[in-house]
Engineer: 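Take a look at this one; I'll ask things after.
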Amino acid sequence: MSQPGDDELHIASFVIQHRTDAAEGLAAAIAVSPELELAIPGETRSVVLCESADRYAVMDRIEQLRAVPGVLNVLLVYHHAEPRDALEAEVEAHPETDLAGVHP
């Protein structure tokens with residue numbers, strides 16, 4: 001039986017503040033979760049992307065990353081949820097606007 005929100009896609013990004021010696025452990029924690037991607041690795045701050053079908057999984061991933069030794073903080077900086085079929089729908093072209101969506 002499907003639950004409300006089963007057809008949603010949640011897209012989130014996190015800024016992770018960490019010690020310099022935490023980078024390897026952080027990368028390993030991200031590698032074991034197919035929902036996570038290390039978008040921008042940094043010496044003491046990194047950006048991680050999360051795509052999930054479950055809003056609770058987003059929060060679980062935050063807790064998973066907080067548990068990595070040397071991680072000081074995980075900040076949720078973006079979270080968007082949308083029906084999956086809306087994201088997969090084709091975008092219609094509008095001839096009255098240019099490619100940037102600005103009227104000539």
Side-chain angles (χ1 to χ4, degrees):
M1 174 184 256
S2 67
Q3 298 291 323
D6 279 351
D7 62 342
E8 288 184 334
L9 178 64
H10 292 261
I11 302 167
S13 63
F14 316 128
V15 172
I16 301 176
Q17 298 171 313
H18 54 84
R19 294 189 175 100
T20 55
D21 60 351
E24 189 175 313
L26 182 60
I30 292 167
V32 299
S33 180
E35 298 167 332
L36 297 177
E37 176 187 341
L38 182 58
I40 304 173
E43 189 173 324
T44 59
R45 285 183 302 270
S46 298
V47 176
V48 174
L49 302 179
C50 177
E51 287 188 15
S52 172
D54 180 2
R55 67 179 170 205
Y56 299 109
V58 173
M59 300 310 294
D60 290 343
R61 294 307 150 255
I62 289 173
E63 293 306 315
Q64 173 188 343
L65 295 169
R66 280 187 177 145
V68 173
V71 168
L72 304 172
N73 200 5
V74 178
L75 304 164
L76 174 66
V77 293
Y78 179 80
H79 180 215
H80 175 79
E82 192 164 332
R84 190 176 297 277
D85 59 349
L87 290 170
E88 295 171 355
E90 290 198 30
V91 177
E92 292 183 35
H94 295 283
E96 65 274 359
T97 61
D98 66 12
L99 291 177
V102 178
H103 292 278

Engineer: Does a side chain donor of either His80 or His10 reach within less than 3.5 Å of an acceptor in the other side chain?
Structural biologist: no

Engineer: Between Leu26 and Val68, which heavy-atom pair has the shortest distance, and what is it?
Structural biologist: N-CG1, 3.8 Å

Engineer: Can you tell me how far the CE atom of Met59 sits from the CG atom of Asp54, to the nearest 0.5 Å?
Structural biologist: 11.5 Å

Engineer: Applying side-chain contact (heavy atoms from CB on, under 4.5 Å) to Leu65 and Leu36, what does each step give before you reach the verdict?
Structural biologist: CA-CA 10 Å; Leu65 295 169; Leu36 297 177; 4.1 Å; yes

Engineer: Quick one: pull up CD1 in Ile40 and OG in Ser46 and give me the separation to the nearest 0.5 Å.
Structural biologist: 9.0 Å

Engineer: CD1/Ile11 to OG/Ser52 distance, rounded to the nearest 0.5 angstrom?
Structural biologist: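 The distance works out to 10.5 Å.
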
Engineer: For the residue pair Ile16 and Asn73, establish whether any side-chain heavy-atom pair is separated by less than 4.5 Å.
Structural biologist: no

Engineer: Between Val77 and Phe14, is any pair of side-chain heavy atoms under 4.5 Å apart?
Structural biologist: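 In short, these two side chains do not touch, never coming nearer than 4.5 Å.
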
Engineer: Given the rule that I, L, V, M, F, W and Y join up when any side-chain heavy atoms are under 4.5 Å apart, are Ile62 and Val47 in one cluster?
Structural biologist: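 No, it is not one cluster - the side chains of Ile62 and Val47 are not joined through contacts under 4.5 Å.
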
Engineer: From the options Glu63, Gln64, Arg66, select the one residue that forms a side-chain contact (heavy atoms from CB on, under 4.5 Å) with Val74.
Structural biologist: Arg66

Engineer: Which pair of non-hydrogen atoms, one from Cys50 and one from Val58, has the smallest distance, and what is that distance?
Structural biologist: SG-CG2, 4.2 Å

Engineer: Can you get from Leu76 to Leu38 by hopping between Ile, Leu, Val, Met, Phe, Trp and Tyr side chains that sit under 4.5 Å apart?
Structural biologist: yes

Engineer: Quick check for you: to the nearest 0.5 Å, what is the distance between Glu8 atom CD and Arg55 atom CZ?
Structural biologist: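 Answer for the CD-CZ pair, Glu8 versus Arg55, is 7.5 Å.
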
Engineer: side-chain contact (heavy atoms from CB on, under 4.5 Å) between His18 and Leu72: does it pass, once the steps are laid out?
Structural biologist: CA-CA 5 Å; His18 54 84; Leu72 304 172; 5.5 Å; no

Engineer: Test your reading of the model: is there a side-chain donor-acceptor pair from Arg61 to the backbone of Glu35, 3.5 Å cut-off?
Structural biologist: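 Not at all, since once roles are kept as given, no pair shorter than 3.5 Å links the two residues.
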
